*Asks:* 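Can you read through this structure? Questions will come right after.
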There are 2 protein chains.
Amino acid sequence: MRPGPRRSLTHAEILDAAFGLLEAKGFEAVSVRGVAGVLGLTPTAMYTYYPNKGALLAGMVEQVLGRLDTRGADAAAAASSNAGDAAGPGASAARARTRIVTLAEGLRSILVERPGAVGLLLATPLDGPNARRLDERLLGAFTDAGLDPVQAGRATHAVRVHVLGAVAFDAAEVERAAGAPVPADIEAAPAASATLWDDAETFPLGDRSRELADDPAARFAWGLERLLDGLLAHPASARS
Amino acid sequence: MRPGPRRSLTHAEILDAAFGLLEAKGFEAVSVRGVAGVLGLTPTAMYTYYPNKGALLAGMVEQVLGRLDTRGADAAAAASSNAGDAAGPGASAARARTRIVTLAEGLRSILVERPGAVGLLLATPLDGPNARRLDERLLGAFTDAGLDPVQAGRATHAVRVHVLGAVAFDAAEVERAAGAPVPADIEAAPAASATLWDDAETFPLGDRSRELADDPAARFAWGLERLLDGLLAHPASARS
DNA sequence: ACCTGAACACCGTTCAAGT
DNA sequence: ACCTGAACACCGTTCAAGT
């Protein structure tokens, strides 16, 4: 069978195969050749659908962020049914904060659900339509909360950084727990000239608080709330 | 010349070659074979020094974080010479905040200086001696500022996430500006069921604030200060 | 201990050719 | 337009062998 039965796959089918690979064998296993193999295609046939591997990954990112939409709508429905029509001063700011938390938690849960998806987000520029829509929502919420455009832009960036960074760290910790121990490799570390830090002595705190290590979800939620405390502290342009 | 002149390289020489590759051609170019090539070795000879590629990368991470030590000491000296012996209430908390900012800004500047180094940090578990020492310092500073051990651990994590996440995003933006345009790829994005978000309309804010996009250093500093505002807002155990 | 050379099982991508 | 097959220039890693 030389030219093949001309199956004419849809992008959705190709992305499904790619996500199957991602879930089964991790981000590293998502290769042009691998996806082609799952689909029964020759690697070169993939270049009919995507001009390069980056475009494939961008397509996957868009699909992941697309799930945030449909799910976020449900969460917003539940939240708004509780809120009623309260109209105290700062009520719209409070609703804006809830919206931000909903978006951030939603994005996190989607990324946690699909192990390997973080690698995707970090490896691909987040400038597709769904990524932009997420940005617009955060931007709108921060504006509603009283931030000026520049502050809202920076705050949006900070939230994006916090969500992706936190999930990336959690994923790395999972890998470390499951994976191989890290080699000693003594020579690599130049001895610190620790003289001026001596007010800090040598801390035995690290091991203790690392053993108390709470679950990633709680840690994330706490950090997000603290970040929002800081971002939303000064309602108007009282800051430079 | 079969067995070669038995040069017996040091780890430092190997890491230098690896960093040369990193700076010249980016993180992707840091390969076992590539480093071996620069050193005039056969790829397999590398496995005499490092058991695998991960160990090589871990060695590089440790060297990067080691630079933070020597540099942080200088910065601390300059800062403390200005501070004098002020003893008002909250003075130690203020000094702790300064220490945190110094560490975070120092780590960021080191990562920004070495393009490609972020990829390194994100690809490698941060559990070497220098990484732990950085953790201990942040932990100690947050404890000095009045946080209990669990809060200090979470706060340390939040700062780490913020620094690495922000630098990773900046790096991605630089790549995007220099690299190829992203293909349209329409079919991948499932249309959002946008019904419930309609109070936000469609925001034209995005493009405006993206054009005003301030420089990454200012954006980072602002976000870090806001995060610390939130993390250090309540001095004692007034929080759950 | 340090190194070579051959080999295995992979990558992304291009090109000429077929239907 | 969609696909194959051969090819190019790469990966990380293992193994047997040399000094």
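Every chain is numbered from 1, with letters handed out A, B, ... down the list of sequences. Fair warning: this is a prediction, and the values are worked out from it, not measured in the lab. All values below were derived from every heavy atom in this structure, side-chain atoms included, with hydrogens, water molecules and symmetry-related copies excluded.
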*Asks:* Determine, for nucleotides 7-14 of chain C in 5'-to-3' order, which nucleotides have protein heavy atoms under 4.0 Å from the base (write B), from only the sugar-phosphate (write S), or from neither (write -).
*Replies:* B---BBBB
*Asks:* How close do A:Ala152 and A:Thr143 get, counting heavy atoms only, and between which atoms?
*Replies:*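 Taking A:Ala152 first and A:Thr143 second, the nearest heavy atoms are CB-OG1, 3.9 Å.
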*Asks:* Looking at every heavy atom in both B:Glu62 and B:Ala131, which two are closest together, and how far apart are they?
*Replies:*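 That would be OE2-N, 3.5 Å.
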*Asks:* Would you kindly give the OH-to-C1' distance between A:Tyr49 and D:dC2, to the nearest whole Å?
*Replies:*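 After rounding, the gap between these two atoms is 6 Å.
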*Asks:* I'd like to know whether CD of B:Glu23 has more than 12 heavy-atom contacts from other residues, nucleotides or ligands below 6.0 angstrom.
*Replies:*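 More than 12 heavy atoms, drawn from other residues, nucleotides or ligands, come within 6.0 Å of this atom.
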*Asks:* Taking Watson-Crick and G-U wobble pairs with both distances under 3.5 Å, convert DNA chain D into its dot-bracket string, 5' to 3', dots for unpaired and | for cross-strand pairs.
*Replies:* ||.|||||...|||||.||
*Asks:* Relative to each other, are the rings of A:His11 and A:Tyr50 parallel, tilted or perpendicular (30° and 60° limits)?
*Replies:*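 The rings of A:His11 and A:Tyr50 sit tilted, inter-plane angle from 30° to 60°.
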*Asks:* Which whole-number value in Å describes the distance from B:Leu39 CG to C:dC2 P?
*Replies:*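 Value for this atom pair: 14 Å.
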*Asks:* Nearest 0.5 Å, what's the CZ-NE2 distance between B:Arg160 and B:His157?
*Replies:*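 If we round to the nearest 0.5 Å, B:Arg160:CZ and B:His157:NE2 are 5.0 Å apart.
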*Asks:* Roughly how far apart, to the nearest Å, are C:dA9 and D:dA9 at atom P?
*Replies:*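 One P to the other, the span is 23 Å.
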*Asks:* Rounding to a whole Å, what distance do you find between B:Leu9:CG and C:dA1:C1'?
*Replies:*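 Rounding to the nearest Å, CG of B:Leu9 and C1' of C:dA1 are 13 Å apart.
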*Asks:* Give a yes or no on whether the backbone of B:Glu13 and the side-chain of B:Thr10 come within a donor-acceptor separation of less than 3.5 Å.
*Replies:*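 Such a contact is found between B:Thr10 side chain and B:Glu13 backbone.
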*Asks:* Got a donor-acceptor contact below 3.5 angstrom from the B:Ser109 side chain to the B:Gly106 backbone?
*Replies:*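 Here the side-chain-to-backbone pair exists.
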*Asks:* For A:Ser31, give me all partners under side-chain contact (heavy atoms from CB on, under 4.5 Å), at least two apart in sequence or on another chain.
*Replies:*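 Listed in chain order: A:Arg33.
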